[in-house]
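Notes follow once the structure below has been shown.
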Amino acid sequence: MNWAARAREAAQAVQRIVARTPEVAVILGSGLGALAEEVSSDAIIAYDEIPHFPRPSVEGHAGRLVVGTLEGRSVAVMQGRAHFYEGYTMAEVVFPVRVLHALGARVLVVSNAAGGLNRQWRAGDLMVISDHINFMGANPLVGPNEAEMGPRFPDMSEAYDKDLVALAEAAALDLRISLRKGIYVGVSGPSYETPAELRMLARWGADAVGMSTVHEVIAARHAGMRVLGLTAITDMATGEVVAPVSHEEVLAVARELEPRFVRLVRRIVATLPA
Ligand code: HPA
């Protein structure tokens with residue numbers, strides 16, 4: 001069975017539980033799961049109820065798909081994601097994006113926790129992603145192209161939709177939430193970066209480094225979805241080691257900024273053009 005057929009099978013399993021067609025899909029990153037509680041839900045589906053769906057094994061990732069409405073819009077919200085470093089293949093980690101597309105979502109909001117490389121910034125900042133660097137060492141589209149999912153050589157010249165970036169910036173301004181804008185570099189992890197690696201990534205022009213998102217965005221663009229990316233800067237990854245970064249600290253800072261993140265995403269969803 002190819003990936004497109006598996007995605008259809010998974011989407012049908014979701015549709016048997018809940019009939020709603022989501023307009024917007026949201027993937028919630030480490031420590032950012034609270035937005036899912038704000039959805040007026042028709043159904044909360046554990047990932048292990050969905051065929052072929054990868055299950056996250058790390059703390060801070062619940063593993064539930066919440067389908068319902070947020071700000072009056074139909075949404076499907078993934079509370080937690082599986083990562084490449086957990087041992088899933090690239091095709092497996094982007095499978096949920098293909099299911100969200102098969103469910104009908106045409107806008108994808110991806111979020112993550114990341115280390116800040118930009119020395120002007122601070123832990124606790126929020127960033128909208130303007131572009132990315134794929135330094136995961138892999139691409140989810142490697143292998144036979146399934147033409148029904150998208151083209152062999154998808155364009156990535158505007159991976160992050162400019163209108164959605166502008167909409168996010170307007171929403172932040174409205175709410176008086178400070179919002180950085182920058183470039184996210186995706187690494188495979190799970191080890192954090194060495195100081196030499198961090199200096200290299202900063203010189204490449206990246207503003208934030210994390211272990212997710214880029215492959216999901218590649219799969220989403222392959223399928224023609226419009227993408228908005230939001231990053232929670234949970235630690236400063238400048239290579240000047242004050243204290244080593246830990247997953248506990250990443251989660252703690254993410255939880256601290258989560259209320260701002262939730263307000264911002266709500267406003268973005270509310271102001272999305274139909
Ligand atoms: N590096 C990579 N991934 C991360 C970091 C980091 O410093 N913080 C949160 N996710």
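For ligands, and for the atoms within them, numbers begin at 1 and follow the listed sequence.
Looking at heavy atoms from C-beta onward, Pro22 lies out of side-chain contact with Val75 at the 4.5 angstrom threshold.
Interface of Met211 with ligand 1, defined as ligand atoms under 4.0 Å from a residue heavy atom, comprises 2 (C), 3 (N). The distance from ligand 1 to the heavy atoms of Val250 drops below 4.0 Å at these ligand atoms: 8 (N), 9 (C). Annotation for ligand 1: atoms under 4.0 Å from non-hydrogen atoms of Thr234 are 8 (N), 9 (C).
Thr69 places no side-chain N or O within 3.5 Å of a backbone atom of Gly72 that could act as its donor or acceptor partner.
Under 4.0 Å from ligand 1, not a single heavy atom of Val187 appears.
In summary, Arg263 and Glu38 do not engage in a salt bridge, as defined by a charged side-chain N under 4.0 Å from a carboxylate O. Residues Asp174 and Arg267 are paired through a salt bridge, judged by an N-O separation under 4.0 Å between the basic side chain and the carboxylate.
Using a 4.5 Å cut-off between side-chain heavy atoms of Ile, Leu, Val, Met, Phe, Trp and Tyr, with links allowed through other members, Leu228 and Val107 fall into the same hydrophobic cluster.
For atom 4 (C) of ligand 1, the nearest non-hydrogen atom of the protein is Val209 O, 3.6 Å. Atom 1 (N) of ligand 1 has as its closest protein heavy atom Glu193 OE1, 2.9 Å. The shortest contact between atom 7 (O) of ligand 1 and any protein heavy atom is with Asp235 OD2, 2.7 Å. Ranking the protein heavy atoms by distance from atom 10 (N) of ligand 1 puts Ala113 O, 3.4 Å first. Residue, atom and distance of the protein heavy atom nearest to atom 5 (C) of ligand 1 are Gly115 N, 3.4 Å.
In this structure, Arg6 and Phe95 approach most closely via the heavy-atom pair O-CZ, 3.5 Å.
Interatomic distance, NE2 of His83 versus CE of Met211, reported as 8.5 Å (0.5 Å rounding).
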